[in-house]
Number of protein chains: 2
Amino acid sequence: MTKKRQPQSDGDMSASPNDSSEESAVVFPPTYIIVQFSKRIRATALVWLVNKVCSKRLDGGAELLVRRQPHRDGEGVTLHVSASKIKFLEVAEELELKKRDRCGLIREFTVSQLDDFLEDGMHVDDLLTTAERQYIVRHELENIRTLKEDDQVPGYPAFRLYEGQSIVQMCLHWKLVKRMYPLHDMEALDKLGKKWYWALFQKQPFEDIRLYFGEAVALYFTFLGFYTTALLVPMFLGFLQLFLPTESIAFFCVFNVLWMTVFLEVWKRKCSELAFTWGTIGMTSLDEPRANYRGVMGIDEVTGRYQPQFPRWKTNARLYCVSLPIVFVCMVGAFFVMLASFWAEELLLNMKKQQSLEAGEIVVLLPSIIYSAVVFIMNSCYRKVATWLTEWENHRTQSQFDRHRVTKLVLFEFVNNFMSLFYIAFYVQDMDMLKNQLAVMLLIFQAINNFQEAILPLLIKYYNKRVTKALKFDAILGNKKTDESGRKKKSLSVNHEPSRAILDYIPELDSDDPRIELAICEGEMEDYEGTYDDYLEMFIQFGYVFLFSSVYPMAAFWAVANNIMEIRADAFKLCRLYRRPVAKRVKDTGAWQRAFEIVGAMSIMTNCSLLCMSPQLRRLAPTMTSVEWVLVFVVLEHMLLGIRHFLHLVIPDRPEWVRVALARINHLSKRALKNERMLKSRRHILRRYKTVHGSHNYNS
Amino acid sequence: MTKKRQPQSDGDMSASPNDSSEESAVVFPPTYIIVQFSKRIRATALVWLVNKVCSKRLDGGAELLVRRQPHRDGEGVTLHVSASKIKFLEVAEELELKKRDRCGLIREFTVSQLDDFLEDGMHVDDLLTTAERQYIVRHELENIRTLKEDDQVPGYPAFRLYEGQSIVQMCLHWKLVKRMYPLHDMEALDKLGKKWYWALFQKQPFEDIRLYFGEAVALYFTFLGFYTTALLVPMFLGFLQLFLPTESIAFFCVFNVLWMTVFLEVWKRKCSELAFTWGTIGMTSLDEPRANYRGVMGIDEVTGRYQPQFPRWKTNARLYCVSLPIVFVCMVGAFFVMLASFWAEELLLNMKKQQSLEAGEIVVLLPSIIYSAVVFIMNSCYRKVATWLTEWENHRTQSQFDRHRVTKLVLFEFVNNFMSLFYIAFYVQDMDMLKNQLAVMLLIFQAINNFQEAILPLLIKYYNKRVTKALKFDAILGNKKTDESGRKKKSLSVNHEPSRAILDYIPELDSDDPRIELAICEGEMEDYEGTYDDYLEMFIQFGYVFLFSSVYPMAAFWAVANNIMEIRADAFKLCRLYRRPVAKRVKDTGAWQRAFEIVGAMSIMTNCSLLCMSPQLRRLAPTMTSVEWVLVFVVLEHMLLGIRHFLHLVIPDRPEWVRVALARINHLSKRALKNERMLKSRRHILRRYKTVHGSHNYNS
C-alpha cells in the first residue's frame, strides 16, 4: 500500500484541501480544535475524513481549514482545525447563538445585522468568544453526517455507516480518531488565572470564565460560590450551637432545612437570570440534536430541517422499562455489598472479643478497606453501564443526555455514600458512631478529593515534564532532520506510518509554530470529563452537611473551609492541569438541581427522625407515651414538608425582569410573524384579484 | 332640571349617536350586551356615558352601536349594545383571538388575512362565535378608560376618576349602571339543549358549549365528565370491597390514592390539549390587564401599549402581608366555631343523660342547626371579604384574580366542610360516627345542592312568570299608549325619570322587536356567578370520596350517581334558569387544579392514618409494638407520597404533540423576527452608505 504514490481512496487527492493561493499565503488562523488520528488508520480512510472536513457543504463537508502538524515517528497524523472568519459568523447564525446587541437586548445573531452587535470600537473578531469559536468548530466537525452514498468507512468494510450518523463520532467510537480536543490560549489563560486562582479574596471573574471555558464551567463555579456563601449561615449556627444547651439543636435543625430550601429556590432564580444573559434560556429538548443522536433522517416537525428523527416514546420506553429496572437492581446490589461489609466487620469484632483474635487492629479494618476497593470498582463499572444505557436511550439533546446520565449516576452514588450512614443512624442507632463516621468521611473524603484533584496531577505533570521534555524535543528535532533525507527510509518503515503522499496531501504547519508544542503538551494532559465529578463532590458534601445536621452541626464549618480551597483548586486544575475542556452550553444545573432538592426533602425526614431518637430531647417530655412522641415528630416533619412545598410555590422560578424580557421577545416575534403573514396574504390577494380581473371580471 | 330641553352636560347632544343615515336605515344588528342604567342616574352622566360608548376611539370611545329599549315607567334606561361587522374583526385582531386557519394551524386572527381563516363556504359572519362577539363587546365596553380630562363623573362631583380607570366598572361600582349582561340566542340555545341536557346518554357537545358559553364553562363541563369517568374505577372497587374481607381495604385504599394522582396528572395534560385547540394556552400574567386593574398609566414593557401599570411586588406584598394573615385568622375562627358547635352538642347530650332533659331530641340537634346557619352567614361574609381583598391586591389578569380569589375561598370552605370530619376521625376517633356523618353529608349535601341548583330556581321562575307576565305586558302596552299623549305628564313625573330629551337623544328599538321581551325576561333571571360554585361542589365531593375512602368506600358510588344527574342539571340550569353568563377565556382549571392536588396529597395522609387506627388491621400483627405499628404506616405514607411525586415528574404536563406544535409556532415567529430585523438593517445600511457616498465619499 505504501508503495503507490496514488493512494486507493475515493477521496479526490488531485488538489490539496485549503489549497487556494490566498489561503496558503496568509497565516493559518488560530487553531481551535486538534484532531489526532490513530496511527493505524488506513490511508483511504484518512483522506476521506480530511476531505469531509475541508470540502464544501454541498458535498456533505464542513468547510473547515486544516493544517497538519509536522510528522513525528510512531505517531498518527495530527490536524489543527480552524475556520475562516465568515464561516464562524455563518455558523453562529445557524446555531442561533444569542448575543447582546447595541440596545442591550439579547437576541439571535445574524450576519446581515452584524453592525447591530458591534459596540463602539469593537472589532468583528472580538464578537465571538474563544469558547464560542471552539464550540462552532467542534459542532461543525461533529455535524459532518453520512450521506446516502457513504455506506462504510473507505478501507474498512466492517465499519458500516447509516445515513445521518455523525462521522466523527463514529470514528471516535471505532478509535480511527484517537482524540479531539480544543487548544488552550496561553495568553488569555494567564490573564484569567491572575484574576481567578491567584486572587484569593476577590469575587471570581464569572464572565471571563464563561468566555474562556463556556457556560457549563461558568455555571459550576457560580454555583460553588453561591453555595459556599449560603453555607456561612449554617456554619455560624453550628458555632453558636456549641455555646447553647443541646436541646436547642431542634430549632437550628429546623432553621437549617428551611434555609436550604430557600437557597435551592433562589439558586433556581439565579440560574434563570444567568441563562437569560447567556442566551441559553430558550434551550429545549426539541433543539438541534446532539452528535450521537441516531434516527431515520427526516423533516423535523419544528424547524423543517432535514435531521435524524427518533420517536420520543421509544426513548421513554427504554428509559422506564429497561434502564430504570437495571439501575434499581444495581442500587440494591450496592446496598447489599454495604451490608456485607458491615456484617463482616461485626463478625470480626465478635471473633476478636470471643476468641481474642491475635491478628491485631488491622484485620478489623479489613472489611472497610475491601469495601472501599469494591466501591471503587463498582463505581467505574457502573459509570460505563450508565453511560452506555443513556446513549442507548438516544436522547435528542446534550442537556437531556447529561440529565439522564447524571440521574443514573447520582442514584448509585447516593447508595454508596449515604447508605452506610443511614444504616448507622437508623438501624444501629449509635449517634456517637454516626458523628465520628461523619467527621471522618467529611474530612477524609475532602482531603482525598483535594489531593486527587490538585496535588496528584501536579506531581504527575511535574514528573512527566521532566521525563518527556527531552524526549519531545529530540523527536521534533529528529523529525526535522530526517525530513529531507529520510524520505525513503520512512516509506519503508512500519506499515502503520502514514505514506508520504498523504502527508504531502495535507498542508503542513511551520515547524517552528508555537502551536505545535502546545498541542503536544495538551495532548499529554489529562482529559477533563465535564463538571460531573465537581458537582458530585458538592452533592455529597451537601448531603453530609444537611442530612445529619442535627447530629453534627460542625459539618458546615468543614464544608466552608473545604469549599474556599476547592474554588481555587478547581480553578487551577482546570487552567493548568487538564486539557482544555470543550465549551458546553447549559441553561441550568439540570439533574443536580433535582438531586439537591430531593436530598433537601430527605434531610427534613432524617433530621426529624434523629431528633425523635435523641434521648436529650426525650427527657424534656417524660409524660408523653412513645407513640405520642413519635407522632409529634411525624407532625413536625409534615409541617416542614408543607412549608417547603409552600416556599416552592411562592418563590417564582424566574425573576420578574426575566419574565418580562422573555415576554417582550415573544411579543415582538409574534408580531413579526403576523406582519410577515400579512405581507404574504396581501401579495396573495393582489395576485388573485389580478387573475380575476384579468380573465373573468366577476366583480365588476 | 327636567324643565330644560337642553340638558346640562358636557356631552355633545347635537347629533344622536350612531345617527348616520346608513346606520339608521338598516336593521340594528343582534344585541350582544344589555346595559341597564340606574333609574336615578343624572342626565348629564347618562349622556356622557352613552357618548363614551358610541364615540370614536380617538375621543376615548368604544365605537359601539346602541339602541334604547322603549321606556317603561319606573325603570332606568336600558341599552342594547352591538357593534359593526368591521369593528368585531378589528377587535378580534387586537385581542389576538386565536382561530384555526385553512391549514389547520391555530394562530392569531388578523383582518388582512381574513381569507386564510375562512374555510370553504364559510361566511365572514360565522367566523366569530357568539361567545366571542359577546366577549368583544364586553371587552370594548369595559375598556373605555378615563382620559386626563375626565376627573369626575359629570353631575357627580363626589365620584372622582383617575386616568386609566375603566369607566363602566366604576359606574357599576357606584351603581350608576345597574347591570350589564349578554343576551341569549334562543335559537342556538334550543339546538344546544337538544344535544346536551336532553341527550342523556350521549357525550356532551363540548365544542358547542364552548361556542355558546365560552371556554370557562366548556372547561368545567369537560372536567365534570372526565372526573365522573375517572370515578367509575373507585366505584367498582367500592362494590368489590363489599364481598371481600375488611382487611383488603388497605390495598383498595392505596390503589385509590394512586389512581386519583394519575387522574389529576392526566387531566392537566387534557387541559393543555384543550387550551391549545382553543388558542388560550399562551395566556400569561403579562397579558392585557383586566378591567378593574388599577395603576398609573404608562408604557407596557412587553407590548409597548399605553396601559395601567402597577408594580408586581406591591401585589405580592399585599397578598402575603395582609391577605394571607387575614385568611388564616378567618380559618382559625371558623375552626373554633366548629369546635364550639361540637362542645355544645356534647354538653347537651351530657345534660340530657344526667338531668334527663325533657326538651326532646330536637334540642340535641340545635347546635348542628345553629352551626349550619352560622356557617352560611360566615360564608357569605367571607366571600365578600375575599373578593374585596383580591380586588385590592390588584392582580393584572382575570385568570390571576380568579386564581387568588378561589384560593382564598377554598381554604375557608375546606375548614367548614372537612374539619368536622377530621375532628371526628382523629380526635373523637369514632369510625362508625365518621362513616355515618360522611354518608349523611354526601347525600344531604348533594340533595340540597341539586335542589338549590335546579328545582328551586325552576319553581321561582315558574312563580315569577305567572305573576309578572301580566304586569310586564301591561307596562309595555301602557308605555306605548302614553308615548304620544303623556309627554307632558312624564316630564312632570318624579325626579328620577329620564327626561324626554335624553330619551330622544338615543335611538330607540322598534317596540315590537322580540329582543325587548328577551332582555326583560333575562333581566329578571338570576345571575350566574361563574363556575366557582360548580367546581366547589365537585371539590367537596372529591374530598368526601378520597379523604376518607378507607372508611366509606361506597362514597364513590354516590358521587357517580350524583354527577350523572349533575351534568344534566347544571346544563339545564345554565341554559334555562340563569342569565346568560359572560364568556370567559381560560387555559386551565387554575386554582382548582392545585386544590384538588393538595386534597389528593392529604388523602394519602388521612387514609394512612385511618388504616393505622383500624382495629381490624391491627389484629393482623399482634406482635408489633404500637410504635412499630405507627412507623409502618409512616413509611407507607412516605412511599405513597414519593410515588405521587414520581408520577408528577414522569407524566409531562403537556402531550408531545402540543409541545411540538408550540415549538413550531415559536420557531416560525422567531424566524419572522429575524427576517424583519434583517430587512430593517439592510435598509439601514443602504441608507447609511448612500449618505456616506453622497456627501463625503470616505470610502472611495
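Side chains are part of it too, since the values below use all heavy atoms of this structure and drop only hydrogens, waters and symmetry mates. The sequence lines fix the lettering, A, B, ..., with proteins before strands; numbering per chain opens at 1.
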| task | Select one option (side chain, backbone, both, neither) describing which atoms of B/Val627 are under 4.5 Å from chain A's heavy atoms. | result | both

| task | Taking atom CD of A/Gln429 as the centre, report whether more than 12 heavy atoms of other residues, nucleotides or ligands fall under 6.0 Å from it. | result | yes

| said: So for atom CZ, which belongs to B/Arg594, do other residues, nucleotides or ligands contribute more than 12 heavy atoms lying within a distance under 6.0 Å? | reply: no

| field | Engaged part of B/Asn675 at the chain A interface, taking heavy atoms whose separation is under 4.5 Å | value | side chain

| said: Heavy-atom cut-off 4.5 Å, strictly under: side chain, backbone, both or neither for B/His645 against chain A? | reply: neither

| note | In short, side chain to side chain donor-acceptor pair (under 3.5 Å) pairs touching residues 646-655 of chain B with sequence neighbours left out are B/Glu265-B/His648

| said: Let me confirm one number: the CG-CZ distance from A/Leu631 to B/Phe426, rounded to the nearest 0.5 Å. | reply: 11.0 Å

| note | So CG of B/Leu673 and CD1 of A/Ile665: to nearest 0.5 Å the spacing works out to 8.5 Å

| query | With a 4.5 angstrom heavy-atom cut-off, which part of B/Leu319 approaches chain A: side chain, backbone, both or neither? | reply | neither

| Can you tell which of A/Leu641, A/Leu662, A/Thr284, A/Val650 has the highest number of heavy-atom pairs within less than 4.5 Å of chain B? | A/Val650

| Reported NE2-to-CE distance for the pair B/His638 and A/Met605, which is rounded to 0.5 angstrom | 4.5 Å

| B/Arg312 CZ: over 12 foreign heavy atoms closer than 6.0 Å | yes

| remark: Correct closest heavy-atom pair for B/Val302 and A/His667 would be O-CD2, 3.5 Å

| request: Take atom CD of B/Glu597 as the centre, draw a 6.0 Å sphere, and report whether it contains more than 12 heavy atoms from other residues, nucleotides or ligands. | output: yes

| field | Per-residue contact mode, B/Arg659 against chain A (heavy atom under 4.5 angstrom) | value | both

| field | From CG (B/Leu668) to OG1 (A/Thr303), nearest 0.5 Å | value | 10.0 Å

| request: Using non-hydrogen atoms and a 4.5 Å limit, figure out which bit of B/Glu656 sits close to chain A: side chain, backbone, both or neither. | output: side chain

| Tell me, side chain or backbone of B/Ile598 under 4.5 Å from chain A's heavy atoms, or both, or neither? | neither

| Roughly how far apart are A/Arg671 CZ and B/Ser669 OG, rounded to 0.5 Å? | 12.5 Å

| said: Other residues, nucleotides and ligands only: do more than 12 of their heavy atoms fall within 6.0 Å of OH on B/Tyr320? | reply: yes

| field | Part of B/Val660 lying under 4.5 Å from any heavy atom of chain A | value | both

| field | Sequence neighbours excluded, every pair satisfying salt bridge (Lys or Arg N to Asp or Glu O under 4.0 Å) that has a member inside residues 636-649 of chain A | value | none

